[in-house]
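These notes concern the structure reproduced below.
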There are 2 protein chains.
Amino acid sequence: MAEAKPEKKNDRVTIREVAEDAGVSVAAVSKVLREAYGVSESLRSKVRASMNKLNYRPLASARGMRGQTYTLGLVLPDIRNPFFADILAGVNSALERTQYQLMMGTSHSQGLAEEALVEAMIDRQMDGIIMIGTTEYMDRLGSIAKQKPLVTIGHHAETSQLFDTVNNDDQLGARLVVKHLLANGFRNIAMLSLASTTSTILSERELGYRREMIENGLGENINIIRAPQTLREVQIAARRLLEGPSKPEALFCWTDFIALEVISVATELGLRIPQDLAIVGYDNTMYCDFAQNGLTSVDQSGELLGLQSARLVIERIRGRAEAEHFVVTPRVVARSSSKRSAV
Amino acid sequence: MAEAKPEKKNDRVTIREVAEDAGVSVAAVSKVLREAYGVSESLRSKVRASMNKLNYRPLASARGMRGQTYTLGLVLPDIRNPFFADILAGVNSALERTQYQLMMGTSHSQGLAEEALVEAMIDRQMDGIIMIGTTEYMDRLGSIAKQKPLVTIGHHAETSQLFDTVNNDDQLGARLVVKHLLANGFRNIAMLSLASTTSTILSERELGYRREMIENGLGENINIIRAPQTLREVQIAARRLLEGPSKPEALFCWTDFIALEVISVATELGLRIPQDLAIVGYDNTMYCDFAQNGLTSVDQSGELLGLQSARLVIERIRGRAEAEHFVVTPRVVARSSSKRSAV
DNA sequence: CTGAAAGCGCTTACAG
DNA sequence: CTGAAAGCGCTTACAG
């Protein structure tokens, strides 16, 4: 409680002090730091010893002025969706033994525009950016990619050469849901989608749903409801559908998060699940396993998606110029919310 | 698709270009940027015009070399707990009209030590740091606070002069839970707490639970089970308790997230809620409202906590040296998981 | 293999 | 009120 403010920054060890302590030049220390070529073993060990002794940690901003900041930016549309926790686990595990540190930012949840967040990350010298479930248009993504290495998760742009994408096969995922519901005797299947003009994963899922319905002669039962992501809007849309004249036998929800809300609405309306209404989600998040939900869902390996995105963005940083597009094959994980023992 | 890499950074407008365009000095532009004193209206408007015309955005790292980066760091122990989304909403809304940008990092979820994350944020020149549910010891927090303005959420250190704290009254919250359960006819009340040697919010909640039980002559019924935060450990602990000889009538869980897991286990065991087991959580997160959970919980206004923490950390950055400790009064939000119509 | 010097884009005293 | 110069802590060519 004695010496308060003065040491606020002065206690920070700089590369110069390390150099002096080791009896070498600043440039030499920098080389050791970056694990660059052309450093003798003896110089390296001398410098390493001084670094440890002085407890030296380089200042990322200073490094960023000329080189890298060793920071990766992760853009999330909304921290509430539990699926993002799975992705994050994968990203973090990929970064574990590297020098890179992840910094996250959320956009929609508080009205902060996604574009403003990405700009903030560029201004903060992120070495690379991973965007989850972006709502940006292609030209905008291209312009971001020209400034920083970019990987998107949950956005289909497999023809893009400017950035990498990581996805599951959303069209297939939706088809598998319909197949699963049909196999369990449900034929009047509706889909609860997201009101979005730019989401390519949603258009793929809708397409898969449509096609599979049509191929099974159920084209007349196709019913896609689109609602914004807020709980209130979802609740209103679900209520309207389930109380209305065209109440379906089964409802395919675009993400677990929303499906849980539908389970809640259905329960309040006194509907039994799955007898009166089967429900299927997407993402197979941890909440699906809870007995009170028992939610059938599509597993797209969020952790794997996260892992791959980190790998790809680091490769880009290291110079890869050709785009890579990673795709996971999804699978249905059946639980009580959609299993009808007897048709 | 023509001019690819070369412009990768060259397209960035610098303060020098703005100065040239406006016909003033670089220092003058800097002053306008920082909204510093001693700039004439005419110079300011000239500079502003050039900034807009050239679409100038300052580089945070460069600013950080001498001044601030206008970046705040938020340390989360785990992105999975939905309570953090509420806090985040508050932080973001407080930052909305400021120059500050929030960057989050998670620690425990992937084995990354909290300490390493905080160091990474210091190395990246965060102007201030907000730590949620920290597990660091007091001396370590003091040492962080000496390097950067620090505010903790969910950590009791009301006597600290080195950093600010934002909390709800956890002891009271626990007392209210016991009172509520007693009023609903439950007397054999157990508590599911977190296995942690450093969490002060847990020790406060445990203390409140103990005291309220004792003051109601139920000292003999006190039963605190402590489990790590992983779903598996919670499941094992819950199973053991609910299948064992000392199965309680009611279980107070330290956070909603864990209570939802207990609802799942109880449901699997065929227990009716609340007839066979009443359950109460803490944090009053959105999942409590879902009909399949109907979870009674303690509201501690996560959004308000977040808002205050952002306010306090910015005040610290601006020079406030005396500590402030903000405390919210919690309240019980009763739902079906704990309401017994007839005793 | 090693080092001296310039420079990244800002802010900060200090003159005028 | 305005500006020239130094400097923040690194990396990057470029010599030696």
Item to check | By side chain to side chain donor-acceptor pair (under 3.5 Å) - contacts of B/Thr134 (at least two apart) | outcome: B/Glu114

Checklist entry - Among all residues two or more places apart in sequence or in another chain, which pass the side chain to side chain donor-acceptor pair (under 3.5 Å) test with A/Ser143? => result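 Result, side chain to side chain donor-acceptor pair (under 3.5 Å) vs A/Ser143: A/Arg140.
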
Distance in angstrom units between [X] [atom1] and [N] [atom2], rounded:
X: A/Arg44; N: C/dG3; atom1: CZ; atom2: C1'; value: 17 Å
X: B/Glu17; N: C/dG9; atom1: CD; atom2: P; value: 9 Å
X: B/Gln125; N: D/dG9; atom1: CD; atom2: C1'; value: 9 Å
X: A/Glu20; N: C/dG3; atom1: CD; atom2: P; value: 13 Å

Those residues that, when tested against [X], pass salt bridge (charged side-chain N to carboxylate O under 4.0 Å, His left out) (two or more places apart):
X: A/Asp127; value: none
X: A/Glu158; value: none
X: A/Glu20; value: none
X: A/Glu41; value: A/Arg44

Checklist entry - Does A/Ser40 place a side-chain N or O at less than 4.0 Å from the phosphate oxygens OP1/OP2 of C/dC1? => result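 Answer no for this pair, as no side-chain N or O of A/Ser40 is under 4.0 Å from OP1 or OP2.
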
Checklist entry - Dot-bracket for DNA chain D, 5' to 3', counting Watson-Crick or G-U wobble pairs under 3.5 Å, with [ ] for crossing pairs and | for inter-strand pairs? => result |||.||||||||.|||

Next on the checklist: Treating primed atoms plus P, OP1 and OP2 as sugar-phosphate and everything else as base, which nucleotides of nucleotides 10-16 of chain D get B, S or - for protein heavy atoms under 4.0 Å?
Outcome noted: SBB----

Next on the checklist: Run the ring pair (Phe, Tyr, Trp, His ring centres under 6.0 Å) test against A/Tyr100 and tell me which residues pass, sequence neighbours left out.
Outcome noted: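 Counting only residues at least two positions away or on another chain, A/Tyr100 forms a ring pair (Phe, Tyr, Trp, His ring centres under 6.0 Å) with A/Tyr70.
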
Next on the checklist: Please report the interatomic distance CG(B/Leu76) to CD1(B/Ile153), rounded to the nearest 0.5 Å.
Outcome noted: 9.0 Å

